[in-house]
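In what follows, a structure is listed as structure tokens, so that the remarks can point back to it.
Fair warning: this is a prediction, and the values are worked out from it, not measured in the lab.
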There are 2 protein chains.
Amino acid sequence: MKTMNKSDLKLIAVLERTGGFASAQELHQILRREGDGIGLTTVYRALQSLVDDKIVDLLRREDGEAIYRLCGDGHHHHLMCKSCGDTVEIEGGAIEKWANTMAEEFGFREVGHTAEIFGICSKC
Amino acid sequence: MKTMNKSDLKLIAVLERTGGFASAQELHQILRREGDGIGLTTVYRALQSLVDDKIVDLLRREDGEAIYRLCGDGHHHHLMCKSCGDTVEIEGGAIEKWANTMAEEFGFREVGHTAEIFGICSKC
DNA sequence: CACAAAATGAAAATGATTTTCATTTTCAAA
DNA sequence: TTTGAAAATGAAAATCATTTTCATTTTGTG
């Protein structure tokens, strides 16, 4: 780990606090809301460098927007209602195993994965 | 399967011929190169409707660009190389079970899911 | 203090994708 | 065959996330 400036630390702090995934735009809004005048450009730059340093994971939402989360966060998956948008965090131990097994079988390394479930919740 | 117009068929033809994944822009260029004056808008629309009809799969390149490929039959998942983009179709029996179990546990119905694995393949 | 390197952010640029909207094509009913 | 409505089409404008540019500010160090 090399350079680590103020902005990097801010982003890490927010990611720690919020847990899970967030897009650059969302992270920027959160910081703004908290009174931090940080610029969007800086947020992108900080996230980029954190990804380069493997401190943060970069995934993609279904629409292609980049989302970030702290590496090594015991990560979880989501169950989201297509109707009301309500989301439940769920464990994915089975998925981790599946991903690793499959990746190994095909000789892949530096493996990551995404897995989300969606449906209609009981309230809707 | 419902509507299926001329453009849809053209796109399917190109996807069959080329095999593997291609972005909307690439598919458009290929058609143009072959003398077809189809517009980019139409390419996007055709791809969208093919995805809706589950005739083509939509994934994302690392930079977030959408890439499309003809669906094999049956539901499957993908193992994609972050470096060269090579993709392997894999079975996800474990995932189906996991998704259904979780959904049931939280009272969700009409459940679907996504699960993709990515890493660096042995060639890269 | 002084100064070079690093950091910052506003604004412009980029590039994929979507939307708008006017025009053309398709096609079944008359 | 003619006709009218619905579907399809594409050029151009609009969106939107992300990147780049560039002038300014901050920081660390000699």
Proximity to the side chain of Glu65(B) - top-ranked nucleotide from dT17(C), dG9(C), dT8(C):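 Shortest atom-to-atom distance from the side chain points to dT17(C).
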Taking only the side-chain heavy atoms of Asn5(A) (C-beta and beyond), determine which of dA17(D), dT9(D), dT8(C) contains the nearest atom.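 Between dA17(D), dT9(D), dT8(C), the one nearest the side chain of Asn5(A) would be dT8(C).
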Nucleotide [N], atom [atom2] - distance to [atom1] of [X] in whole Å:
X        : N       : atom1 : atom2 : result
Leu59(B) : dA16(C) : CG    : P     : 18 Å
His28(A) : dA17(D) : NE2   : C1'   : 13 Å
Arg60(A) : dT17(C) : CZ    : C1'   : 14 Å
Asp63(A) : dT17(C) : CG    : C1'   : 11 Å
Asp8(B)  : dA7(D)  : CG    : P     : 14 Å
Leu31(B) : dT9(D)  : CG    : P     : 12 Å
Leu27(B) : dT17(C) : CG    : P     : 11 Å
Leu47(A) : dT8(C)  : CG    : P     : 12 Å

Taking it one step at a time, do Met4(B) and Ile55(B) satisfy side-chain contact (heavy atoms from CB on, under 4.5 Å)? CA-CA 11 Å; Met4(B) 174 74 83; Ile55(B) 294 168; 3.6 Å; yes
Base, sugar-phosphate or nothing for [X]? Non-hydrogen atoms, less than 4.0 Å.
X        : answer
Ser23(B) : nothing
Gln48(B) : sugar-phosphate
Gly64(A) : nothing

Test item: [X] side-chain N/O and [Y] main-chain N/O as donor-acceptor pair under 3.5 Å:
X        : Y        : value
Arg60(A) : Glu62(B) : yes
Arg32(A) : Ile38(A) : yes
Asn5(B)  : Ser7(B)  : yes

Can you confirm if the aromatic rings of Trp98(B) and His113(B) lie within a centre distance of less than 6.0 Å?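 No, the ring of His113(B) stays outside the 6.0 Å limit from the ring of Trp98(B), centre to centre.
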Could you pull out the closest heavy-atom pair between Val56(B) and Cys71(B), with the gap in Å?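 Smallest heavy-atom distance, with atoms named: C-SG, 3.6 Å.
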If the helix axis at each end comes from five base pairs, how far does the helix from dC1(C)-dG30(D) to dA30(C)-dT1(D) deviate from straight, to 10°?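 End-to-end axis angle: 10°.
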Going 5' to 3' through nucleotides 21-30 of chain D and flagging B where a protein heavy-atom sits under 4.0 Å of the base, S where only the sugar-phosphate is that close, and - otherwise, we get ------S---
If you compare every side-chain N and O of Tyr44(B) against the phosphate oxygens of dT18(C) (OP1, OP2), does one of them come in below 4.0 Å?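 So the side chain of Tyr44(B) is outside the cut-off, no N or O lying under 4.0 Å from OP1 or OP2 of dT18(C).
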Would one find more than 12 heavy atoms of other residues, nucleotides or ligands at under 6.0 Å from atom CD of Glu105(A)?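 Yes, because the 6.0 Å sphere around CD of Glu105(A) holds more than 12 heavy atoms from other groups.
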Check this for me: Glu34(B), atom CD, are more than 12 non-hydrogen atoms of other residues, nucleotides or ligands nearer than 6.0 Å?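 For Glu34(B), atom CD is crowded (more than 12 foreign heavy atoms under 6.0 Å).
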Between Glu89(B) and Arg69(B), is the closest basic N to carboxylate O distance under 4.0 Å?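 A salt bridge links Arg69(B) with Glu89(B).
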